Chemist: 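My questions all concern the structure below.
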Number of protein chains: 2
Amino acid sequence: MSKSTKKELNRESLLSQGVTRFIGQGYHGTGLQEILDAVNVPKGSFYNYFGSKEDFGADVIQYYIDPFIAQLASYLDNSGTDALGAIKCYFDELIIELEKSAFKGGCLLGNLMGEIGDTSEVCQKSLQSAVNRYRDLLQLGIAKAQQQGTVRQDKSAEEMADLLINTWQGALLRMKIEKSSAPLKQCCQNLLGDYFRP
Amino acid sequence: MSKSTKKELNRESLLSQGVTRFIGQGYHGTGLQEILDAVNVPKGSFYNYFGSKEDFGADVIQYYIDPFIAQLASYLDNSGTDALGAIKCYFDELIIELEKSAFKGGCLLGNLMGEIGDTSEVCQKSLQSAVNRYRDLLQLGIAKAQQQGTVRQDKSAEEMADLLINTWQGALLRMKIEKSSAPLKQCCQNLLGDYFRP
DNA sequence: ACACATGAGACAACCGGTCGTATTATCTGT
DNA sequence: ACAGATAATACGACCGGTTGTCTCATGTGT
């Protein structure tokens with residue numbers, strides 16, 4: 001195995017573990033040691049991969065959001081005839097996944113926005129970028145639905161995308177303490193099923 | 001000064017500092033030492049006031065939410081003729097306060113729900129109680145507005161109160177990373193100014 | 001004089017980060 | 001093609017500082 005491949009492999013293992021631990025215990029609640037132990041990478045090597053814990057956090061954020069964007073994009077592509085339906089299906093699947101994990105964790109972006117969104121400049125920038133990338137794609141889907149006539153046109157797609165993301169994030173917080181998917185379902189029903197309709 | 005009074009004073013100072021630090025740096029990001037230093041209470045004394053850091057966190061949560069409930073209640077009482085207007089005024093004042101603090105901190109409840117809402121059972125219970133108390137009051141205000149005809153009646157006051165709280169929490173997260181009150185204003189405008197209207 | 005709240009410090013565990021060294025890969029000269 | 005020089009990376013012991021918790025001597029009110 002070539003060297004660069006092994007290095008890249010280690011890097012991704014660290015990022016993957018970072019996602020898991022940061023979601024479960026937060027940024028300050030997670031030590032580098034436990035991440036390193038979990039993927040069998042020595043302490044000293046960490047700083048060959050990342051400049052600091054903070055830089056690592058910023059990379060973890062991007063590593064986390066990529067699959068969500070890919071998945072939403074896939075839903076939007078595959079159902080060309082009904083963008084609103086695709087968005088609904090996407091969120092329905094998210095709900096199923098969250099139910100599977102017993103309502104633990106929630107969304108890494110939301111959790112880190114609350115914990116370090118205003119204290120770590122590096123992570124703040126990464127969070128901005130991640131949220132914006134996600135919002136832009138959601139906005140695209142909503143605009144498509146507007147053209148198809150399934151979503152009202154007197155509000156901008158950007159405004160509705162932002163509103164959906166924010167309500168969803170708040171619903172995830174409620175989910176965590178109520179151990180119930182009711183807030184998530186209520187979010188989808190009120191916005192996608194009612195407020196956004198023409 | 002009597003002893004019990006001094007004890008109560010120390011306790012409240014600790015709780016007040018706890019609110020400030022937990023909002024600013026999160027639960028795991030805040031050490032007991034800095035809280036104790038800030039109020040000049042020796043480290044060893046802490047466990048005479050609270051059973052553990054976790055128990056302390058649970059008490060801080062309740063100590064934090066009380067003034068918000070009192071303030072909202074005051075707005076609702078003083079403007080008996082227009083409950084919806086009172087709620088709007090209340091949130092407008094919150095926005096002004098958040099702008100004053102340069103969009104830092106946000107809401108302790110939201111931040112702690114994300115960080116430890118699913119890991120600390122004691123704090124989870126406290127968060128549940130705090131959010132429910134807040135929601136119940138908001139629900140009362142919305143029900144009043146329904147009777148006054150300024151809010152739609154085909155949705156329950158409870159559902160709208162929950163939706164408002166969740167969207168507000170999500171908007172607070174966005175505020176933190178975008179350093180802007182736009183998400184907060186958009187939350188109020190879309191819900192209180194549009195979706196909730198008859 | 002006695003019960004008890006208080007407070008200074010001890011404690012082991014852990015934090016993020018550094019450092020010199022050992023190992024490995026890559027390049028060079030012939 | 002091969003030996004040797006050089007650069008890059010892997011590694012784990014170790015740093016000073018801090019964590020949450022606990023012990024016990026001191027001080028105080030009654």
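It should be emphasised that the depicted structure is a prediction, and the values quoted were computed from it without experimental measurement. Protein chains get the first letters and strands the later ones, always in sequence-line order, with residue 1 at the start of each.
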Chemist: Return yes if the base of C:dG7 and the side-chain atoms of B:Lys43 contain a donor-acceptor N/O pair under 3.5 Å, otherwise no.
Modeler: no
Chemist: Within this structure, what is the CZ-to-C1' distance between A:Arg21 and C:dC15, rounded to whole angstrom?
Modeler: 16 Å
Chemist: Figure out the CZ/C1' separation between B:Phe46 and D:dT19, and round it to whole Å.
Modeler: 13 Å
Chemist: Can you find a side-chain donor-acceptor pair between B:Gln128 and B:Asn132 that sits under 3.5 Å?
Modeler: no
Chemist: Which whole-number value in Å describes the distance from B:Tyr49 OH to D:dT21 P?
Modeler: 17 Å
Chemist: Both A:Glu34 and A:Gly51 contact DNA chain C. Taking the nearest nucleotide for each, which residue is further toward the 5' end?
Modeler: A:Glu34
Chemist: Could a donor-acceptor pair under 3.5 angstrom be found where the side chain of B:Asn48 meets the base of C:dA5?
Modeler: no
Chemist: Are B:Gln25 and A:Glu115 linked by a side-chain donor-acceptor pair shorter than 3.5 Å?
Modeler: no
Chemist: Is the phosphate of C:dG7, meaning OP1 or OP2, less than 4.0 Å from a side-chain N or O of B:Ser45?
Modeler: yes
Chemist: Tell me: CD of A:Gln33 to P of D:dC14, nearest whole Å?
Modeler: 15 Å
Chemist: By nearest atom, which of the nucleotides D:dG20, C:dC15, D:dC11 is closest to the A:Pro42 side chain?
Modeler: D:dC11
Chemist: Atom OH of B:Tyr47 and atom P of D:dT21: how far apart are they, to the nearest Å?
Modeler: 3 Å
Chemist: Would you say that more than 12 heavy atoms from the other residues, nucleotides or ligands in this model lie under 6.0 Å from the CD of B:Glu121, or not?
Modeler: no
Chemist: Verify whether the ring centers belonging to B:Phe22 and B:Tyr64 lie closer than 6.0 Å.
Modeler: no
